[in-house]
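Structure first, commentary second.
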Amino acid sequence: MEYVRRRILVVDDEEMIAQTLRIALADEGDVECAGNGREAIKKVAEAFYDVLVVDMNMPVMSGMEFYKDAVKTFPEIRDRIIFFTGACEERCLSFFRENNLRYVAKSSELKELKDFVKEILDRNNG
């Protein structure tokens with residue numbers, strides 16, 4: 001049986017954070033980056049990603065707008081998204097709760113994010 005390397009998409013407008021996540025998640029799969037939600041929508045339309053790590057506050061298209069657009073077009077993507085954000089005001093927290101979404105605050109340890117990524121990969125592997 002041929003081993004297929006997993007694909008992870010990091011969607012964040014902060015280049016330093018995107019590159020940090022690229023390095024931190026490299027053991028889990030091939031990591032690509034998008035600088036905003038619109039760029040991510042294009043990438044998702046062209047390729048399958050096992051996990052998407054998405055920031056909330058971005059120019060052009062926010063994480064919330066990306067989620068709504070992506071789920072409308074690709075409903076199965078919903079369970080593969082993790083929000084990784086510094087924006088944890090009540091509006092965002094309500095959005096996460098209402099949609100039963102995973103999120104990790106940027107101030108958290110990277111281990112928490114990596115654990116969520118592994119959980120999604122393991123669940124979709126079997």
Note to self: Run the side chain to side chain contact (heavy atoms under 4.5 Å, CB included) test on R91 and M64 for me, step by step, so that the C-alpha distance in whole Å, both residues' side-chain angles and the decisive distance to 0.1 Å come before the verdict.
What the structure shows: CA-CA 10 Å; R91 179 180 69 90; M64 191 181 298; 3.3 Å; yes
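- Residues K68 and K72 have side chains not in contact (no heavy-atom distance under 4.5 Å, counting atoms from C-beta outward).
- Note that the CG atom of L52 and the CD1 atom of I8 stand 9.5 Å from one another [nearest 0.5 Å].
- A search for side chain to side chain contact (heavy atoms under 4.5 Å, CB included) contacts involving E15 returns Q19, not counting sequence neighbours.
- The ring-ring contact (aromatic ring centres under 6.0 Å, His included) contacts involving residues 56-84 comprise Y67-F95, F83-F96, where partners must be two or more places apart or lie in separate chains.
- Between A24 and L110, the closest heavy-atom pair is CB-CD1, 3.9 Å.
- Remark: D27 CG to R6 CZ distance equals 15.0 Å, nearest 0.5 Å.
- Expressed to the nearest 0.5 Å, how far CE of M61 lies from CG of D13 amounts to 14.0 Å.
- Residues V117 and V53 have side chains in contact (heavy-atom distance under 4.5 Å, counting atoms from C-beta outward).
- Formation of a donor-acceptor pair under 3.5 Å by the S62 side chain with backbone atoms of M58 is not found in this model.
- Within the 4.5 Å cutoff, side-chain heavy atoms of V10 are placed close to those of V31.
- Across A34 and E39, no two heavy atoms sit closer than the pair CA-OE2, 3.4 Å.
- Note that the CG atom of D79 and the CZ atom of R102 stand 6.5 Å from one another [nearest 0.5 Å].
- Taking all atoms of both residues into account, the shortest heavy-atom contact from A40 to V11 is CB-CG2, 3.6 Å.
- Distance CG/L113 to NZ/K111: 11.5 Å, rounded to 0.5 Å.
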Next item on the list: Decide salt bridge (Lys or Arg N to Asp or Glu O under 4.0 Å) for E32 and R22; before the verdict, give the C-alpha distance in whole Å, the side-chain angles of both, and the deciding distance to 0.1 Å.
Entry: CA-CA 7 Å; E32 294 181 35; R22 181 191 299 257; over 6 Å; no
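- Judged by distance alone, the side chain of R5 and the main-chain N or O of G29 form a donor-acceptor pair under 3.5 Å.
- At a threshold of 4.5 Å between non-hydrogen side-chain atoms, the residues E28 and R7 do not count as touching.
- Linking ILVMFWY residues whenever their side-chain heavy atoms come closer than 4.5 Å, directly or via other members, places Y103 and V71 in the same cluster.
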Margin query: Would E90 and S94 count as a side-chain hydrogen bond (donor to acceptor under 3.5 Å, both in side chains) here? Give the steps.
Written below: CA-CA 6 Å; E90 186 53 40; S94 293; 2.9 Å; yes
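- A heavy-atom distance below 4.5 Å is found between the side chains of N100 and R78.
- Heavy-atom neighbours of R38 CZ from other residues, nucleotides or ligands within 6.0 Å: at or below the threshold of 12.
- Residues V54 and L93 are members of one and the same hydrophobic cluster, defined by side-chain heavy-atom contacts under 4.5 angstrom among Ile, Leu, Val, Met, Phe, Trp and Tyr.
- Under the 3.5 Å distance criterion, the side-chain polar atoms of T20 are matched with a main-chain donor or acceptor of M16.
- Taken from CG in L9 to CG in L21, the straight-line distance is 11.0 Å, to the nearest 0.5 Å.
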